[in-house]
**Student:** 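My questions all concern the structure below.
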Amino acid sequence: MEIVTRFAPSPTGHLHIGGVRTALFNWLYAKSNNGKFKLRIEDTDLKRSTEDAKKTIINGLKWLNLNWDDEIVYQSKRLSRHTEIGIKLLESGHAYKCYSTPEELKAMREEAIKNKLPPKYNGCWRERDLQLAPSGVKPVIRIKSPIKGKTILKDLIQGTIEVSNSELDDFIIIRSDGTPTYMLSVVVDDYDMKISHIIRGHDHLTNTLRQQHIYNALGWNIPIHAHIPLIHGSDGSKLSKRHGALGIEAYNEQGFLVNTMLNYLLRLGWSHGDEEIISIENAIKWFNIESIGKSPAKFDIERLNSLNSHYINVMGDSEVIKIITDSYAKKGEIIQKDKLHILKNGIKGLKSRARTTVELTNMSSFYIEETPISLDEKSKKILTDQNCILIKEYVTYLELIKNWNEKSIEENIKSFCNDKKINLGKLAQPLRAALTGKSVSPGLYEVILALGKVETINRINVF
RNA sequence: GUCCCCUUCGUCUAUCGGUUAGGACACCAGGUUUUCAUCCUGGAAAGAGCGGUUCGAUUCCGCUAGGGGAUGCCA
């Protein structure tokens with residue numbers, strides 16, 4: 001059997017990390033089994049679906065390299081096929097017309113809850129003579145669910161789930177306006193797309209139970225299901241903005257790397273022994289549904305930060321520099337050749353400090369700025385008249401350095417402090433302020449080395 | 001209300017009946033560092049509760065509690 005998975009978001013808002021994780025699991029499962037991963041946009045709710053949301057989904061998946069096979073399927077374009085199947089079910093006696101009004105349905109539910117019974121449609125039109133149909137009421141079409149026995153779902157993650165059929169009602173497959181409902185459309189599309197494995201959120205579990213009856217009525221094979229646990233916010237409630245969970249594009253904007261997002265989301269609910277840093281190659285090699293946990297996981301931004309620092313740190317220098325130059329280019333600024341050279345020399349210290357690429361770019365600014373550079377408040381305070389005299393005095397020592405490397409710079413600074421009988425910090429802090437405009441920076445020797453002798457002296461002589 | 005699911009350090013998790021219950025993030029302490037960060041070393045930190053089954057339960061079963069999901073002419 002060919003493995004075919006799918007990701008089927010509805011374009012009604014942002015692409016959330018829960019959705020991305022679902023997409024990732026489907027993608028990985030397909031990749032690790034030489035199967036196909038398909039994308040279907042469930043845009044049948046015309047009131048809530050937007051073009052922006054579609055773009056967000058597509059761009060998000062593209063950013064993360066979760067590439068899909070074949071064309072994107074837009075569910076809205078397949079409505080006639082869905083109704084066709086709905087009518088077929090009606091004609092074959094597996095479905096029936098129901099004339100109950102929304103008010104009547106509401107009353108049924110309230111009554112059921114009052115009597116401690118499952119709230120559901122009571123099936124009154126299931127066998128009723130259509131002669132009794134009220135005039136002026138357009139019927140919906142409902143599936144005939146079995147009344148007796150139970151419905152069993154064999155789920156790859158949840159195990160065997162059994163629910164008594166008395167809990168499940170005859171749900172609507174075609175609305176009174178003639179359009180198919182989600183419950184029907186999904187089944188038809190999954191069938192037509194030859195989906196072999198449906199990996200989706202746990203919130204779909206009862207849907208799956210009910211959808212099985214459509215498959216059965218049509219004599220179609222039921223795909224294999226795996227319902228993955230939901231992602232919760234830090235307080236255990238439904239994940240929302242207030243937990244720091246944003247649309248996937250926001251993580252890109254905030255400077256999180258693709259590797260970070262994939263690694264983080266993969267480890268949220270799935271594990272491979274003690275492995276924490278997992279490359280996409282290994283993820284494909286190792287991914288399996290059995291190792292997906294059953295309990296919901298909480299979203300933890302600290303973990304994401306830490307993974308991101310790691311991935312920035314292990315990135316190649318040229319790659320990191322490209323990120324910086326790209327972000328300057330975005331602002332319409334081009335980094336001059338000499339500055340680029342300085343940046344390359346100082347990239348190591350930058351990498352180890354940055355937690356996001358946004359931080360990285362901000363941090364690198366002092367290497368790129370023209371002298372005189374801007375000073376932050378703290379560095380202004382450090383640069384007292386006295387300190388300015390001191391650092392200028394140091395220039396005479398600096399000029400003596402013959403071999404321009406970190407070690408000789410260190411020795412040079414130390415010998416100056418020795419001769420002046422001052423602590424290293426006395427010189428280092430003002431020097432840092434003058435050279436970087438900040439009170440916090442990469443190692444001073446590294447900064448001086450990266451700037452070069454001429455630029456270092458220029459920056460000091462401004463004061 | 002009804003049905004379904006979940007429950008190991010603060011967080012993500014390992015363990016597939018016998019372990020000093022392991023790792024990672026975060027946290028704390030120390031070291032390295034002129035600063036901050038990195039890095040290194042160490043530390044504190046967990047089986048929801050109660051009953052079974054068993055020679056032995058975190059692991060299997062039941063109940064309770066807590067949490068989550070579903071319960072739409074939304075998807």
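The figures that follow rest on heavy atoms only: side chains count, while hydrogens, waters and symmetry mates do not. Order of the sequence lines sets the chain letters (A, B, ...), proteins ahead of strands, with each chain counted from 1. Because the structure is predicted, anything quoted here is derived from the model rather than measured.
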**Student:** E410(A): what forms a salt bridge (Lys or Arg N to Asp or Glu O under 4.0 Å) with it, not counting sequence neighbours?
**Tutor:** K414(A)

**Student:** Partners of K114(A) by side-chain contact (heavy atoms from CB on, under 4.5 Å), sequence neighbours excluded?
**Tutor:** E111(A)

**Student:** Quick check for you: among rU2(B), rG72(B), rU35(B), whose closest atom lies nearest to any side-chain atom of R109(A)?
**Tutor:** rG72(B)

**Student:** Polar-atom pairs under 3.5 Å, protein N or O versus N or O of nucleotides 42-48 of chain B: list them with distances, or write none.
**Tutor:**
none

**Student:** Strictly by salt bridge (Lys or Arg N to Asp or Glu O under 4.0 Å), give each pair with a member in residues 135-154 of chain A just once, sequence neighbours left out.
**Tutor:** K150(A)-E162(A)

**Student:** For E276(A), check salt bridge (Lys or Arg N to Asp or Glu O under 4.0 Å) against everything at least two apart and list the hits.
**Tutor:** R267(A), R303(A)

**Student:** State which residues pass side-chain contact (heavy atoms from CB on, under 4.5 Å) with N362(A); sequence neighbours excluded, sorted by chain then number.
**Tutor:** V358(A)

**Student:** Looking at S271(A), I'd like to know whether one of its side-chain N or O atoms comes within less than 4.0 Å of OP1 or OP2 on rA14(B).
**Tutor:** yes

**Student:** Would you say the base of rC36(B) and the side-chain of S441(A) have a donor-acceptor pair closer than 3.5 Å?
**Tutor:** no

**Student:** Just jot down the side-chain contact (heavy atoms from CB on, under 4.5 Å) partners of H94(A), sequence neighbours excluded, or say none.
**Tutor:** L89(A), S92(A), A217(A)

**Student:** With sequence neighbours left out, what residues match D155(A) under salt bridge (Lys or Arg N to Asp or Glu O under 4.0 Å)?
**Tutor:** none

**Student:** Pull out every protein N or O sitting under 3.5 Å from an N or O of nucleotides 19-24 of chain B, one pair per line with the distance.
**Tutor:**
unit_1  : atom_1 : unit_2  : atom_2 : d
rG22(B) : N2     : D274(A) : OD1    : 2.9
rG23(B) : N2     : R267(A) : NH2    : 3.3
rG23(B) : N2     : E276(A) : OE2    : 2.7
rA24(B) : N3     : R303(A) : NH1    : 2.7

**Student:** Can you check whether K298(A) has a side-chain N or O nearer than 4.0 Å to OP1 or OP2 of rU11(B)?
**Tutor:** yes

**Student:** The criterion is side-chain contact (heavy atoms from CB on, under 4.5 Å); which residues satisfy it with I147(A), sequence neighbours excluded?
**Tutor:** R126(A)

**Student:** Are T44(A) and rA75(B) close enough that a side-chain N or O sits under 4.0 Å from OP1 or OP2?
**Tutor:** yes

**Student:** Could you tell me whether the phosphate oxygens of rU34(B), OP1 or OP2, come under 4.0 Å of any side-chain nitrogen or oxygen in Y445(A)?
**Tutor:** yes

**Student:** Just the rounded figure in Å: distance from C1' of rC12(B) to CD1 of I277(A).
**Tutor:** 13 Å

**Student:** Going by atom type alone, with no hydrogens or angles, which donor-acceptor pairs under 3.5 Å involve a side-chain atom of residues 433-440 of chain A and a protein atom two or more places apart or on another chain?
**Tutor:**
unit_1  : atom_1 : unit_2  : atom_2 : d
T436(A) : OG1    : R432(A) : O      : 2.7
T436(A) : OG1    : K438(A) : N      : 3.1
T436(A) : OG1    : K438(A) : O      : 3.3
K438(A) : NZ     : S365(A) : OG     : 3.4

**Student:** With both distances kept under 3.5 Å, what pairs with rG42(B), Watson-Crick or G-U wobble?
**Tutor:** rC28(B)

**Student:** Between N or O atoms, less than 3.5 Å apart, protein on one side and nucleotides 59-69 of chain B on the other: list the pairs.
**Tutor:**
unit_1  : atom_1 : unit_2  : atom_2 : d
rG68(B) : O2'    : H232(A) : NE2    : 3.0

